[in-house]
There are 4 protein chains.
Amino acid sequence: MIIILKKQATKEDADKLLGIIKEQGLKPLYMPGSERTVLGALGDERVLAGLQLDAYTFVDRVVPILSPYKLASRDLQASDTVVKVGDAVIGPGHFNIMAGPCAVESEEQIVTVARAIKAAGGHILRGGAFKPRTSPYSFQGLEKEGLKLLQIASRETGLPVVTEIIDIYDVEMMSDYVDMFQVGARNMQNFRLLRELGRAGKPVLLKRGMSASYNDFLMSAEYILNEGNPDVVLCERGIKTFVTSTRNTLDLNIIPWVRQHTHLPIIVDPSHGTGIRDLVLPMAKASVACGADGVMIEVHPQPDKALSDGPQSLYPDQFAKLVEQIARYSDLEGRSL
Amino acid sequence: MIIILKKQATKEDADKLLGIIKEQGLKPLYMPGSERTVLGALGDERVLAGLQLDAYTFVDRVVPILSPYKLASRDLQASDTVVKVGDAVIGPGHFNIMAGPCAVESEEQIVTVARAIKAAGGHILRGGAFKPRTSPYSFQGLEKEGLKLLQIASRETGLPVVTEIIDIYDVEMMSDYVDMFQVGARNMQNFRLLRELGRAGKPVLLKRGMSASYNDFLMSAEYILNEGNPDVVLCERGIKTFVTSTRNTLDLNIIPWVRQHTHLPIIVDPSHGTGIRDLVLPMAKASVACGADGVMIEVHPQPDKALSDGPQSLYPDQFAKLVEQIARYSDLEGRSL
Amino acid sequence: MIIILKKQATKEDADKLLGIIKEQGLKPLYMPGSERTVLGALGDERVLAGLQLDAYTFVDRVVPILSPYKLASRDLQASDTVVKVGDAVIGPGHFNIMAGPCAVESEEQIVTVARAIKAAGGHILRGGAFKPRTSPYSFQGLEKEGLKLLQIASRETGLPVVTEIIDIYDVEMMSDYVDMFQVGARNMQNFRLLRELGRAGKPVLLKRGMSASYNDFLMSAEYILNEGNPDVVLCERGIKTFVTSTRNTLDLNIIPWVRQHTHLPIIVDPSHGTGIRDLVLPMAKASVACGADGVMIEVHPQPDKALSDGPQSLYPDQFAKLVEQIARYSDLEGRSL
Amino acid sequence: MIIILKKQATKEDADKLLGIIKEQGLKPLYMPGSERTVLGALGDERVLAGLQLDAYTFVDRVVPILSPYKLASRDLQASDTVVKVGDAVIGPGHFNIMAGPCAVESEEQIVTVARAIKAAGGHILRGGAFKPRTSPYSFQGLEKEGLKLLQIASRETGLPVVTEIIDIYDVEMMSDYVDMFQVGARNMQNFRLLRELGRAGKPVLLKRGMSASYNDFLMSAEYILNEGNPDVVLCERGIKTFVTSTRNTLDLNIIPWVRQHTHLPIIVDPSHGTGIRDLVLPMAKASVACGADGVMIEVHPQPDKALSDGPQSLYPDQFAKLVEQIARYSDLEGRSL
């Protein structure tokens with residue numbers, strides 16, 4: 001950790017901090033410059049993070065040297081994490097396709113679409129039973145009934161199920177119905193939920209928050225890992241920017257960046273990432289090409305009758321075409337569907 | 001609601017939607033243009049929102065005419081809402097000052113600071129017992145013990161207490177200790193929590209999410225109002241932008257905008273909105289000047305010993321000076337402290 | 001155009017605007033609703049844009065129906081524009097690779113790198129002679145001398161040259177040296193320059209501004225087209241967001257969006273779009289996969305000796321590998337190198 | 001400067017950089033940590049900026065200690081710069097009000113509004129003769145004719161004139177008509193223009209670019225200062241964010257931040273910063289309260305007839321009321337109108 005003092009800081013100020021650094025078992029460094037004094041702390045600086053050295057009035061800035069996450073870091077684990085969800089594999093050599101409607105609406109709807117997904121070559125069935133909606137006047141999901149319908153569709157097709165959890169008190173109940181828990185963008189920093197999922201014994205799909213930095217995102221994964229659950233899959237789903245022509249701005253830069261900095265797999269959700277049906281296929285192909293481990297795609301038997309996110313949902317035949325196209329790209333990447 | 005069709009849309013396509021509009025009890029309008037056909041739906045268009053007309057492949061865009069919120073709107077209630085928290089009043093004619101440490105750390109800390117706040121002229125004591133922290137390795141709050149300490153400080157000083165709630169299952173327990181529930185920025189779209197607080201019988205301080213649009217923000221207030229709780233106070237606390245010199249970008253534009261569109265009071269948190277101690281006073285003064293109903297200020301007896309947010313916490317004497325300054329500005333606005 | 005009036009607007013207010021709409025030769029529409037009155041104007045609404053109807057105090061919002069650009073629109077020209085630069089072709093069926101150093105530094109540097117680019121299979125040589133730099137203390141380019149060196153490298157290799165122009169008064173002089181003018185992100189809204197390049201008789205590579213919306217971007221292209229120059233190539237080079245781990249956020253969503261809305265070709269600059277050498281290859285592959293017509297890549301014989309943008313420049317052997325990889329992807333897209 | 005090496009960096013790599021640091025006359029520091037090696041360079045690190053040490057493949061990050069600007073810094077000049085424009089003074093003890101229409105449209109318009117501004121107590125007349133407009137189909141300004149009309153209005157009222165310059169080749173011609181050059185947001189990084197204005201012998205009003213960081217902004221000021229012109233006034237006019245309810249997001253945090261870091265005066269443009277007439281007054285008051293040296297306000301005799309920016313222009317009587325209100329606030333700040 002590097003600590004840059006303000007111009008007016010005195011030798012006494014510096015000594016105070018150097019003492020604190022030493023107390024914490026780190027090696028202190030004193031670097032007086034012509035315009036500013038700079039201090040260093042060598043060792044596992046994470047112990048200093050809690051001390052908030054930048055709260056001193058004579059400190060200008062604190063610059064960490066190490067990443068704030070540890071368990072999620074490639075420094076700790078060099079080899080890629082492989083996550084299994086039922087028969088599906090997420091990690092190197094594989095390209096995983098999760099698909100399904102935004103919300104579970106009826107048995108007919110979910111079974112129909114699950115069959116289409118299975119037939120086309122999808123690996124995991126998605127579908128929301130608990131729906132966080134911006135408006136209190138919008139459809140909020142079938143809740144437990146929706147989970148049962150997902151289970152029926154899963155048994156019909158053999159597809160494992162991923163669905164969103166929005167409350168820690170549903171963990172146990174949901175465990176009977178789901179193969180993978182999804183944490184939505186709005187809950188990426190619901191730290192109690194993350195911790196609870198760290199102890200729930202099932203893989204977790206962690207979606208990036210709409211204004212989460214790369215470090216924020218990995219710190220949320222760290223919460224889950226820190227409780228002993230190694231099966232975390234990251235998901236880029238678009239961030240909030242000044243662009244309004246698309247629903248969100250899909251930040252694919254994060255895919256190769258994450259590949260370098262963490263051993264966790266990462267997939268892309270081009271449906272939410274664009275919000276526009278015709279943009280889903282090209283952005284799914286781009287996701288393969290930049291190294292993603294999978295995609296999550298919204299498919300609905302009748303998008304214009306959907307109770308949520310219809311404009312970005314694919315028709316089943318569009319989805320089948322998407323899988324075909326993706327197969328050719330994932331082949332180039334040495335990944336099998 | 002205005003529905004703009006794609007260039008290739010046919011008369012049949014238009015008729016389909018016009019039929020749907022009529023079915024919902026709205027007045028349909030057909031406007032064929034030289035380049036595009038436009039449809040209209042006159043009446044309470046909110047019934048159409050759930051239909052997702054933009055999911056049809058032949059629809060280009062749907063433009064709502066009315067605001068998506070209703071109860072929060074000035075159209076419904078023209079007069080300003082006044083919220084009372086203990087003896088404190090939030091609304092026109094008053095300028096409310098909430099203050100306290102980021103986190104409750106010990107009895108000595110919270111009582112000392114509460115006395116300083118009371119002496120300086122603050123109205124409500126803030127202090128976090130449950131702390132959502134980006135890192136699992138940071139201090140997470142004293143939890144229930146913290147609530148008890150807040151209560152002690154409240155009894156010592158007579159200041160009512162506002163503190164953050166992060167989970168619906170704490171509502172009942174916390175009700176014994178707090179006078180106002182605070183919903184943090186990360187929970188602004190925790191819709192279950194909002195609904196529960198709509199039934200909890202206490203005023204709610206709703207902080208704006210880091211990437212929440214003005215409409216998103218008011219829709220979250222709508223969730224609380226819709227359950228029958230009229231005592232909602234909004235709080236601008238800075239948004240996420242490309243600027244990194246400050247912790248967040250305080251968006252004061254929202255103050256006069258909200259004044260026009262909603263009857264709910266709104267306060268400002270310049271501590272989180274800037275993240276820099278020396279910027280808190282000028283931005284607090286700016287908040288008064290643009291019409292805010294109050295401010296929330298972080299104060300700590302020893303910021304350099306604080307377990308969280310030290311760099312943005314004021315020293316008690318800085319806070320006293322801030323109240324003095326604010327008094328002169330609020331006087332100009334016809335608001336008494 | 002749809003005009004939404006404020007709640008308090010009177011029938012007289014509406015009549016005033018309806019009269020103006022009629023005067024301009026458009027068909028006026030009057031739609032009184034229960035909560036708001038809405039007006040419509042059918043016809044070529046672009047004549048209304050200059051009237052600023054939203055300046056009336058009784059107008060709430062004006063919603064355009066048509067895109068603000070015309071010449072750039074697919075509505076006007078359905079078939080893709082193909083741009084030729086020397087022997088290079090930018091458009092469907094081709095994938096164009098522009099490459100070279102950020103700045104021209106010496107004859108040896110530019111000739112060495114040009115040969116490497118030619119050998120690897122690149123199509124157009126890039127290199128800055130006039131460098132807009134954030135700091136007045138940074139290298140500002142070799143200016144005219146740089147143009148001469150580019151010409152030498154071009155003659156040596158047969159590669160046509162694209163380079164940035166920063167001032168209208170250089171158009172004539174530069175015309176002797178360059179095959180394509182590049183407009184940098186900072187000049188995307190230098191409208192005089194755009195107009196001048198609309199009359200300069202050479203293709204233009206127009207880079208997207210760091211905070212330019214999709215419409216802003218196409219409106220800048222419209223300036224060039226409007227002067228009679230049809231040879232405009234768009235370039236996505238990353239936008240400014242809250243993300244700081246990468247230099248910019250590459251917004252690949254724009255590629256398929258632009259494909260739908262305009263006939264102009266679009267390429268991607270993953271070097272500026274990421275700012276990190278190791279991210280350039282994956283994002284170049286993603287660019288092919290989502291439908292881009294080409295990429296622009298920074299290559300330097302010795303990046304650690306570069307006078308600008310070294311951290312994002314590829315080594316020549318990395319570039320050769322990139323071309324190989326891209327060839328396999330562009331093949332899938334039916335595009336030849 | 002602090003240089004953080006990658007994990008895999010060798011002792012040889014470190015030695016290479018340490019040698020370079022020494023060669024440049026700085027004091028090199030070697031800090032081997034348990035997980036990373038960190039290097040330091042003590043002295044005027046700005047000489048290192050041009051070397052791009054982060055281009056080495058074994059370098060992770062370079063962290064500057066000093067601000068990139070020098071002449072604009074308070075470290076160099078502790079006392080506030082005071083800028084005089086005709087009789088108007090911009091700096092401590094004064095609050096400056098610049099006002100006028102977005103664009104000069106006719107003699108009657110500009111003279112009428114100039115008289116109203118003078119009568120109300122404004123100090124400087126603004127008005128655009130050269131208008132950068134997003135659309136080629138919008139009004140682009142009266143150009144030289146507009147300058148002549150500004151001069152007439154100036155002579156009538158005694159108000160000095162500030163107007164936008166968009167091209168270096170207009171400097172000399174415009175010098176006969178204007179008292180202060182304005183650089184618009186789109187030209188904040190038109191470095192040639194900045195340099196030319198550094199030699200033009202008149203004060204410069206530099207508007208912040210829509211996506212300019214605080215450092216970018218001050219670096220642009222540095223370009224002007226570096227040519228010998230000390231009379232630079234900064235202007236915050238709103239940045240581009242995800243918020244769409246207002247035209248821009250006014251970032252008032254920058255006012256007290258700039259006050260700490262630079263000696264240059266800064267004013268606020270709440271007209272562009274909000275884009276909404278009714279938000280101009282409250283945000284102008286907020287600007288005074290957080291320490292701005294002035295405001296720039298759009299006023300038009302008939303906003304609904306304005307050729308540009310009508311929706312954000314005040315009526316003359318609204319402007320008079322604004323000056324009255326501002327007077328009360330600036331009085332509290334110890335600033336006279």
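Convention: sequence-line order gives letters A, B, ...; per-chain numbering from 1.
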Intermediate values then yes/no, side-chain hydrogen bond (donor to acceptor under 3.5 Å, both in side chains), D:Asp251 and D:Tyr214: CA-CA 11 Å; D:Asp251 177 16; D:Tyr214 294 4; 2.9 Å; yes
Using heavy-atom distances under 4.5 Å, tell me whether [X] contacts chain C through its side chain, its backbone, both, or neither.
{"X": "D:Tyr137", "result": "side chain"}
{"X": "D:Asn215", "result": "neither"}
{"X": "D:Tyr223", "result": "both"}
{"X": "D:Thr57", "result": "both"}
{"X": "D:Ser138", "result": "neither"}
{"X": "D:Arg192", "result": "side chain"}
{"X": "D:Ile166", "result": "side chain"}
{"X": "D:Tyr315", "result": "side chain"}
{"X": "D:Leu51", "result": "backbone"}
{"X": "D:Pro132", "result": "both"}

Portion of C:Asn226 that has a non-hydrogen atom of chain D nearer than 4.5 angstrom: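 Only the side chain of C:Asn226 comes within 4.5 Å of chain D.
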Contacting moiety of C:Tyr69, where chain D heavy atoms sit under 4.5 Å: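 No part of C:Tyr69 comes within 4.5 Å of chain D.
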Between C:Lys240, C:Lys70, C:Arg195, C:Gln52, the one whose heavy-atom pairs under 4.5 Å with chain D are most numerous: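 Most heavy-atom pairs within the cutoff with chain D belong to C:Gln52.
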Distance-only donor-acceptor check, side chains D:Asp309 and D:His272, under 3.5 Å: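 On atom types as modelled, these side chains qualify, holding a pair under 3.5 Å.
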Largest heavy-atom contact set with chain C, pairs under 4.5 Å, which of D:Ser213, D:Ser211, D:Ser220: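 Ranked by contacts with chain C, first place is D:Ser211.
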Among the listed options D:Pro68, D:Ser308, D:Pro303, the residue most often paired with chain C at heavy-atom distances under 4.5 Å: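 Option with the greatest count: D:Ser308.
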Heavy-atom pair of closest approach, residues D:Pro136 and C:Met219: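 Reported closest heavy-atom pair: CD-CE, 3.6 Å.
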C:Arg133 side-chain N/O to C:Phe139 backbone N/O, donor-acceptor pair under 3.5 Å: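 Checked: pair present.
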Heavy-atom donor-acceptor pair, C:Glu227 side chain to C:Leu197 backbone, under 3.5 Å: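 Pair absent, no side-chain N/O of C:Glu227 close to backbone of C:Leu197.
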